[in-house]
Amino acid sequence: MTALYASTPGDSRGRLVSEQEYDFRSPFQRDRDRIIHASAFRRLKHKTQVFVEHEGDAYRTRLTHTIEVAQVARTVAGALDLDLDLTEAIALAHDLGHPPFGHTGEDALDALMQPYGGFDHNAQALKIVTSLERHYAEFDGLNLTWECLEGIAKHNGPVPQPWPFALSDYTARHDLELHTHASAEAQVAALSDDIAYNNHDLHDGLRAGLFTDDDICALPIVGDAYAQVDAAYPGLAPKRRRHEALRRVFGVMVADVIKTSRGLLKGITSADQVRSNGAPVVQFSAGLWADLKVIRAFLFKQMYRAPEVVEMRKRVTCVVEGLFPLYMSRPELLPKEWADDVAAATQDVERARLVADYIAGMTDRFALAQAEAHLEL
């Protein structure tokens, strides 16, 4: 039984292209299943989260991160009596638009695309599920429900103008109301992203030796978690101690979101009221948010800007900066199945967006292989 403020399949605003629905799967379940079967979803396996995927098999990739986000999102959505399938679908799709090499790749591609409108991974995710996935007979994209598309486009909140081209282009045909907040399900997916990466980046940073357990014991939330483990399991092996502590950190964040959001949702009686509310209804408490800012600052300094990570950022930035002008000048290097799109791209801006689509779809290993084959780095 879902709450009054939840999205419900029976009240969905539908799909851009009408389809017959089925009794054994709700529209939101079909959305989730289409996302899982999408080519772009599979490619997340070989895309960077923080560490470039070939640097070690144990680190999170963009795919394992996405699965962790979806797991947290289902837990929170269940506690808040929201639609689990819509929440999971949005969580699974939220990073589909990330190019190779994580945020480093996105920064490089955005800089290269500035003369042509820039690049944004949320907008790219929407473009993938509405256009670039081309498997179905009756439509391009996945033809997801309005609610799922809305969640992908604006799970982080109302989209400020000027809107990225992919968002403005699609919403002109199928208005996603980019000026409003998204559903509570989409907001859960967004906060679950924060929970997942704040936790697993600590774990991956420890594994990489960028900092120690003693270093993070000075952080809020984390220090208390280690103290609880030490009191309950004195002398525990270091690896088990670390795991027990970080799972408690995870639990603190999840519990805080659930408690805080339950309070914010009191008096909200419809999904549309969630959208028109002046602020998000799924949030951390002010105290925990302040603690997370301290953790994020630590991770930024000790992990995201660690010398070895910065050195790899420089290398992969050169890869993206080399591939973009290469394909702009030699579009015949794009795959044969892109030939019609290449022929139709008669203006520089059209060609640039096509090249950006191609590069953004690459995995880390494919981008590096293309650079080795065509560039002198």
Side-chain angles (χ1 to χ4, degrees), residues 38-44 46-48 52-54 62 95-135 140-141 153 159 161-173 310-377:
S39 299
F41 185 78
R42 292 193 295 275
R43 290 196 297 270
L44 295 178
H46 296 297
K47 291 196 177 192
T48 295
V52 175
E53 65 92 20
H54 69 273
R62 191 63 59 174
D95 269 355
L96 288 179
H98 261 291
F101 315 126
H103 289 285
T104 301
E106 179 173 13
D107 291 344
L109 199 52
D110 181 44
L112 292 161
M113 284 293 293
Q114 280 305 305
Y116 314 104
F119 179 88
D120 174 83
H121 79 267
N122 281 334
Q124 189 68 15
L126 185 74
K127 189 173 186 180
I128 287 169
V129 300
T130 59
S131 174
L132 296 180
E133 288 281 327
R134 296 175 182 175
H135 307 295
D140 288 340
V159 183
Q161 291 189 334
W163 296 330
F165 173 78
L167 292 187
S168 60
D169 179 61
Y170 185 78
T171 203
R173 292 177 282 128
V310 169
E311 187 58 35
M312 182 56 72
R313 282 173 60 93
K314 291 178 181 177
R315 179 188 172 194
V316 298
T317 295
C318 288
V319 169
V320 177
E321 289 177 341
L323 290 177
F324 186 86
L326 170 72
Y327 295 127
M328 285 291 287
S329 62
R330 298 182 61 191
E332 70 274 9
L333 292 176
L334 271 63
K336 291 181 180 178
E337 58 265 31
W338 290 56
D340 289 344
D341 294 309
V342 170
T346 57
Q347 303 295 319
D348 283 350
V349 66
E350 295 169 340
R351 182 177 295 178
R353 287 171 181 159
L354 189 64
V355 169
D357 290 341
Y358 183 53
I359 293 175
M362 292 180 175
T363 61
D364 293 1
R365 59 174 61 180
F366 185 74
L368 290 170
Q370 291 299 296
E372 184 176 351
H374 298 294
L375 302 177
E376 294 182 7
L377 298 178

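The residues of the chain are indexed from 1 along the displayed sequence.
- If you take CG on Asp364 and NE2 on His46, they are separated by 9.5 Å, rounding to the nearest 0.5 Å.
- In this structure, Thr48 and His103 have side chains that are not in contact, with every pair of non-hydrogen atoms separated by 4.5 Å or more.
- Side-chain contact between Arg313 and Asp107 is present, with heavy atoms from C-beta onward closer than 4.5 Å.
- Listed here is the closest heavy atom pair of Ala371 and Val319: CB-CG1, 3.8 Å.
- Between the CD atom of Glu106 and the CD atom of Gln124 there is a distance of 9.5 Å, given to the nearest 0.5 Å.
- Taking Asp169 as the reference, Phe165, Arg173 meet the side-chain contact (heavy atoms from CB on, under 4.5 Å) condition, with sequence neighbours excluded.
- Nearest approach of Ala360 to Leu109, heavy atoms of both residues: CB-CD2, 4.1 Å.
- Residues satisfying the side-chain contact (heavy atoms from CB on, under 4.5 Å) criterion with Asp110, sequence neighbours excluded, are Gln114, Phe119.
- Here ring pair (Phe, Tyr, Trp, His ring centres under 6.0 Å) pairs that include residues 315-352, with residues two or more places apart or in two chains, are Tyr327-Tyr358, Trp338-Tyr358.
- Using a 4.5 Å heavy-atom threshold, the side chains of Met362 and Leu323 count as touching.
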Return all side-chain donor-acceptor pairs below 3.5 angstrom for residues 347-355, not counting sequence neighbours, or 'none' if the list is empty.
| from | atom 1 | to | atom 2 | distance (Å) |
| --- | --- | --- | --- | --- |
| Glu350 | OE1 | Thr346 | N | 3.0 |
| Glu350 | OE1 | Gln347 | N | 3.1 |
| Arg351 | NH1 | Met328 | O | 3.2 |

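- In terms of modelled atom types and a separation under 3.5 Å, the side chain of Ser329 and the main chain of Leu326 share a donor-acceptor contact.
- Residue Arg315 holds its CZ atom at 5.5 Å from CG of Leu368, rounded to the nearest 0.5 Å.
- Side-chain contact between Val342 and Glu332: absent, with no pair of heavy atoms (C-beta onward) separated by less than 4.5 Å.
- In this structure, Leu132 CG and Asp357 CG are separated by 4.5 Å, a value rounded to the nearest 0.5 Å.
- Among all heavy-atom pairs drawn from Ile128 and Gly97, the shortest one is CD1-CA, 3.9 Å.
- Taking the side-chain contact (heavy atoms from CB on, under 4.5 Å) definition, one finds that Ala123 meets it with Asp120, Pro164, Ala166, Leu167, sequence neighbours left out.
- Summarising the geometry of His98 relative to Lys47, their closest heavy-atom pair is O-NZ, 2.6 Å, with the distance given to 0.1 Å.
- For Ser39, the side-chain contact (heavy atoms from CB on, under 4.5 Å) test picks out Arg42, Arg43, Glu133, His135, with sequence neighbours left out.
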